[in-house]
> 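Sending over a structure as structure tokens; questions will come in a sec.
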Amino acid sequence: MMLDSMVKVENLKKSFGHLQVLNGINLEIKKGEVLAIIGPSGSGKSTLLRCVNYLEEPTAGNVYIEGEKVDPVKNINRIRQKVGMVFQHFNLFPHMTVLDNLTIAPIKVKKMDKAQAEAIAMNLLERVGLKDKVKAYPAQLSGGQKQRIAIARALAMQPDVMLFDEPTSALDPEMVKEVLNVMKDLAHDGMTMMVVTHEMGFAREVCHRVVFIDEGQVVEEGPPQEIFTNPRQERTRSFLSKVL
Ligand code: ADP
Ligand code: MG
């Protein structure tokens with residue numbers, strides 16, 4: 001793991017009307033680091049990820065990507081290309097084949113030529129074990145396959161960091177593993193990852209660090225063996241007793 005900063009979140013606050021969802025989050029992810037974000041439903045985990053790539057504009061505070069402060073006017077489009085995101089509900093383009101799903105953004109946004117975009121796409125399909133689905137449409141895929149395609153699609157933009165928002169929560173149990181295995185391979189290849197998850201096994205085995213968030217605040221963070229076996233905060237203990 002390198003020591004360079006990939007993502008830094010500084011005193012991040014986010015409100016929706018009168019509801020303050022993030023109450024001053026400070027967090028830094030180094031290059032090559034795999035971070036698990038855990039916490040109760042409604043604690044602000046999705047909002048935090050969405051603020052990192054400015055799908056939501058923070059109410060206060062700053063986000064830095066590779067040391068560069070994100071500015072919604074000056075650099076958001078360029079910086080966003082460095083950040084891949086995978087959602088709970090896949091969000092594939094339903095009217096496009098798998099291949100087109102993977103190549104459209106590289107061609108349109110990165111101005112990559114079609115042949116190169118397709119070569120990268122085929123490579124990624126091989127990596128996620130779905131080369132035979134290149135001409136399929138999303139409706140012809142299982143949930144686990146759709147999510148693996150969604151991961152490949154995000155990777156097709158060649159991001160420097162990947163954000164995962166509960167990528168396995170909408171899947172039938174037998175499909176969870178195939179998606180986690182793809183994520184595990186990605187982690188072992190050195191991808192920087194922020195993963196919101198309820199898969200405590202994954203957090204424990206694959207992630208370098210775990211952050212527990214409650215009520216829009218970082219309550220506790222540390223290596224998985226510490227957080228899971230010897231949490232310091234009562235709120236962490238109470239949460240873990242419900243999910244482990
Ligand atoms: P988590 O992902 O930890 O379950 P979220 O970040 O999705 O939590 O939501 C945190 C809180 O913010 C919840 O109370 C949710 O209802 C609220 N919230 C999230 N997005 C919006 C929005 N776009 N408008 C209003 N409230 C929102
Ligand atoms: Mg969420």
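Remember, it's 1-based here, ligands and their atoms both numbered in the order they're listed. Because only heavy atoms are used, hydrogens play no part in the values below, and waters and symmetry mates are left out as well, while side chains stay in. Position 1 is the first residue of the sequence; numbering continues from there.
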> Tell me: protein heavy atom nearest atom 12 (O) of ligand 1, and distance?
V21 CG2, 3.1 Å
> Within the 4.0 Å heavy-atom shell around P40, which atoms of ligand 1 are there?
3 (O)
> Counting only non-hydrogen atoms of the protein, does one fall under 4.0 Å from atom 27 (C) of ligand 1?
yes
> With heavy-atom distances below 4.0 Å as the criterion, list the atoms of ligand 1 near S41.
4 (O)
> Which residue owns the protein heavy atom closest to atom 4 (O) of ligand 1, what's the atom, and how far is it?
G42 N, 2.7 Å
> Quick check: are there more than 12 heavy atoms from other residues, nucleotides or ligands sitting under 6.0 Å from NZ of K74?
no
> Looking only at atom types and distance, does a side-chain atom of K13 sit under 3.5 Å from a main-chain N or O of G61, one as donor and one as acceptor?
no
> Considering heavy atoms of the protein only, find what lies nearest to atom 8 (O) of ligand 1 and give residue, atom and distance to 0.1 Å.
G44 N, 3.2 Å
> Are I213 and V7 connected in the hydrophobic side-chain network, where two residues link if heavy atoms are under 4.5 Å apart?
yes
> What protein heavy atom is closest to atom 23 (N) of ligand 1, reported as residue, atom name and distance in Å?
F16 CE2, 3.4 Å
> Quick one: does G17 get a heavy atom under 4.0 Å from ligand 1?
no
> Checking a contact table here: which protein heavy atom is nearest atom 6 (O) of ligand 1, and how many Å away?
T47 OG1, 2.6 Å
> Could you check whether K242 makes a cation-pi contact with F239, meaning its NZ or CZ is under 6.0 Å from the centre of the six-membered ring and within 45° of the ring axis?
no
> Of Q145, Q147, E199, K146, which meets side-chain contact (heavy atoms from CB on, under 4.5 Å) against V179?
Q147
> Centre of F93's six-membered ring, under 6.0 Å away, within 45 degrees of the axis: is that where NZ or CZ of R153 sits?
yes
> Are V70 and N62 side-chain neighbours, meaning at least one heavy-atom pair lies under 4.5 Å?
no
> Considering heavy atoms of the protein only, find what lies nearest to atom 7 (O) of ligand 1 and give residue, atom and distance to 0.1 Å.
S46 CB, 3.6 Å
> Would you find a donor on one side and an acceptor on the other, under 3.5 Å apart, between the side chain of E33 and the backbone of H208?
no
> Provide the protein N, O or S atoms situated under 2.8 Å from the Mg ion (ligand 2); waters are not included.
S46 OG
> Within a reach of under 6.0 Å around NZ of K82, are more than 12 heavy atoms found that belong to other residues, nucleotides or ligands?
yes
> Which residue supplies the protein heavy atom nearest to atom 17 (C) of ligand 1, what is that atom called, and how far is it?
L19 CD2, 3.9 Å
> Quick one: pull up CG in L186 and OG1 in T192 and give me the separation to the nearest 0.5 Å.
9.5 Å
> Any heavy-atom pair between the side chains of Q233 and F212 that's under 4.5 Å?
no
